[in-house]
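Throughout, a chain's letter reflects where its sequence line sits, starting with A, and its residues are numbered from 1.
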Amino acid sequence: MSDAVPLTTDSSGQVATVTPPARGRSRRLSDRKLAVAFITPALLLLLAMSVFPLLWALYLSFTDYSATRGGSAGFVWFENYIAVLTSAQVHLRALTTLIYVVGAVALQTVLGFTIAYLISRRTHGRGLLTTLFLVPMMLSPVVVGLFWRFMLDAQFGVVNSMLGSLGLEQVEWLTRQRTALASLIVVDTWQWTPFIMLIALAGLTAVPRYLYEAASIDRASEWFKFRTITLPLVWPLLLIAVLFRSIEAFRLFDLVYILTSGGPGVSTETLSFHVYKVAFLGFNTGTASAYGILMVVVVIVLTQLYLRYLNKLKED
Amino acid sequence: MTACGGSEDGAGQGSAPKAPATIPELTKDPLTLSFVWFAWPPAQALEKFANEEYRKVRPNATIKVNTVPNANWHDAMFTQFAARKTDFDIAILDSQHIGEAVTNGNILDLTDFVKNNIDVNAYDPYLLAAYGQFPQAETGRRDENASLYGLPLLGDTWTMIYRKDLIGDQAPQTWDEMISAAQKCQTDHPGVSGLAFHQANGSDAAAVTYNTVNGVYGGNLWDAKAKKIEGVLNDAAGQEAMDVLVNRMKPLTAKGSGNWFIDEVNAAVAQGKACIAFNWIAASGGLLDPKQSTLGKSREEILGKLGFATLPKQKTDLVPLGGMGMHVSAYSAAANQAEALNFMKWFEQADIQKKWAAAGGVPSRTDAIQSPEFLNAGPFNKVYADSVPRMRDMWNVPQYARLVDIENTGVNAALNGAKKPGDALDDIAREQQAVLDASGRKGGGGL
């Protein structure tokens, strides 16, 4: 029996045209070849833009190569790694980065989850509220840095102006050791709390309603429902969001560059900012490569430990 | 022959390719001659001036001055040098960048070209040396046997800007008098800070401020011959300078001014928030613009309130050398290198230098500096003319970018209370010495 011929009709219901059948796929292109054809461009791009530079940086990290001096790269084996790992300057930047990551991610997690929880309990305007909260996340970090720099300016900034109208003293947000790092944490929190909120909201909306209904029938308190139903079910998803944010915060560069330039002194210099200085002020490419590779290794190791914890949580 | 006559590969110590002694034949095709500089008013002035004037002699040439933010200036040029390919033909280098560019073979050696095409006797020898010579000249002098890698584009130094209506017509003559006047002015006029100066930890902001005070109080940045910084920078004079800066000058600045640079200082002056300020002359033109100032509705009204003077003296009369030179990229196309040399020869002529002065530039030829065109173009131009014999530069060595970063962050830390002044200066000297000592070290460089 021949295939049915598809027809189209005009508005009066009469047959107008006959649509020819779709051409079958060429027999020469198997499913596997088609898959390879689709994947190859992305794979080549990945190899050229990510894998090759990473391997090249790994090679350079064992050499004394300098991009500006040029010439051949002499092997120094692990000297760059030893220098980075034993440098007091690096230890100082690592501590600054650690304080920043812990402070920013903790604040973002608490705020993000709280906002998500409050939004999830609303029945009206949830979509609009979510969209509004997402706006900061969509801005470029450079733009965010620039307008916060103006807002936090001790002399002309709107923040100090508001403090002044409340009768409070001016604060040197970006030029004092303690407030500068705190300002970076606040600005990063302003921008990235919506990310945690979004993930947490996805988790909260996925919690089956019947669990809450059953708990209500048992006259469970709101706190009991939150502690025994909401938090355990959202926790794994929240931890994924924390992981992403921690990795992002660990490699913070742009906000530091725009807001404080690492100052006062070097008190807000993060590891990424320091790598930039090693790489581009002295063009010590070999050392900078080793520094960068070590940062990647730290992230990979911590991520693995974290993922193991997540898996354990899942199994439990 | 590569490009304009160089034959070296551009790598290794002192391997800058040589520019030809005479300008090669110029192309008749349309050509864009590109510069790279940082974004500030002189960059716009140069592009406008060059397109108006140079095109009278070379109608097929267009001048494009590409700009980057000041903080990215060094990186923007040297990352392209590192790639051995530049989108600019003329790099406008700070005088201290020359060592790094020469050592890496990034710019052309202009020695023979200068001998044949430039009247070197028309310049103050130190200005010619500062913007072109490597190895670095001794302060105030030029080594006639040393090679030249650039020619002056824009001269500059700091001017003291003071409020005549608040502290009087007479500018303070000594550093001590200046601090006293600022103190009194701040006390008498609540809401106006006594001083405004560069304190930021980006570019060379805080470093130039300290180096200026260091020079005035008789200190030295280093012993250039012995390559010694530790024990020189932080000697008694250096410590006194740091003490003056942090304990006597900083308390007279506005709260939160610890990250101020050129624009912020200008804004404070224009808004009437500072009694005395220090800034680069080349960046001071906007202060006389009524649209940008609250000090008056006309240039004359503003000039009734603002005075410009050379820096006060104390133990010495040294002032910081600013400004930049023109340097031809070793990686530019041959036709563009030829055009760049032709432009430089044209630009350094006496009449063009005077026109440049009238257009807002700061020339380096003595005849142009002393010309009415320059001296009458702005109230601060006489300050520059008087400051030329007093200038001192920083270190012009390949490690400059790291040295200045160490000093910037250290001085900025002291100014903002992150370090004690004495400790900050000792740390700066120790870290800078380590950078000089580590040159040529294998592995771990840059930390």
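Looking at Asp427(B), neither its backbone nor its side chain comes within 4.5 Å of chain A, counting heavy atoms on both sides. Heavy atoms closer than 4.5 Å to chain B are found in the side chain of Arg149(A), but not in its backbone. Looking at Gln199(B), there are no atoms closer than 4.5 Å to chain A (heavy atoms on both sides), in backbone or side chain. For Ala414(B), no part lies near chain A; criterion is any non-hydrogen pair under 4.5 Å. Using a 4.5 Å cut-off between heavy atoms, Lys255(B) contacts chain A through both its backbone and its side chain. For Tyr81(A), no part lies near chain B; criterion is any non-hydrogen pair under 4.5 Å. Interface residue Tyr257(A): only side-chain heavy atoms are found under 4.5 Å from chain B.
Checking side-chain atoms of Arg176(A) against main-chain N and O of Gly256(B) turns up no donor-acceptor pair under 3.5 Å. Checked by atom type and distance alone, the side chain of Asn259(B) never pairs as donor or acceptor with a backbone atom of Thr175(A) at under 3.5 Å. Under a 3.5 Å cut-off, the side chain of Asn416(B) and the backbone N or O of Gln177(A) do not form any donor-acceptor pair.
Contact check for Trp260(B) versus Gln155(A): side-chain heavy atoms found under the 4.5 Å cut-off. Side-chain contact between Phe78(B) and Phe280(A): absent, with no pair of heavy atoms (C-beta onward) separated by less than 4.5 Å.
The distance from the CG atom of Asn104(B) to the OG atom of Ser66(A) is 6.5 Å, given to the nearest 0.5 Å. Separating the CD atom in Gln399(B) from the CZ atom in Phe283(A) is a distance of 14.0 Å, to the nearest 0.5 Å.
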key: side-chain contact (heavy atoms from CB on, under 4.5 Å) evaluation trace for Thr409(B) with Lys277(A)   = CA-CA 12 Å; Thr409(B) 50; Lys277(A) 281 189 166 181; 3.6 Å; yes
message = Go through it in stages, so that I can follow the logic: the residues are Val404(B) and Leu281(A), the test is side-chain contact (heavy atoms from CB on, under 4.5 Å), and I'd like the CA-CA distance, side-chain angles, deciding distance and then a yes or no.
response = CA-CA 10 Å; Val404(B) 80; Leu281(A) 290 187; over 6 Å; no
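When each of Asn412(B), Val411(B), Asn408(B), Leu415(B) is scored by its heavy-atom pairs under 4.5 Å with chain A, the top score falls to Asn412(B).
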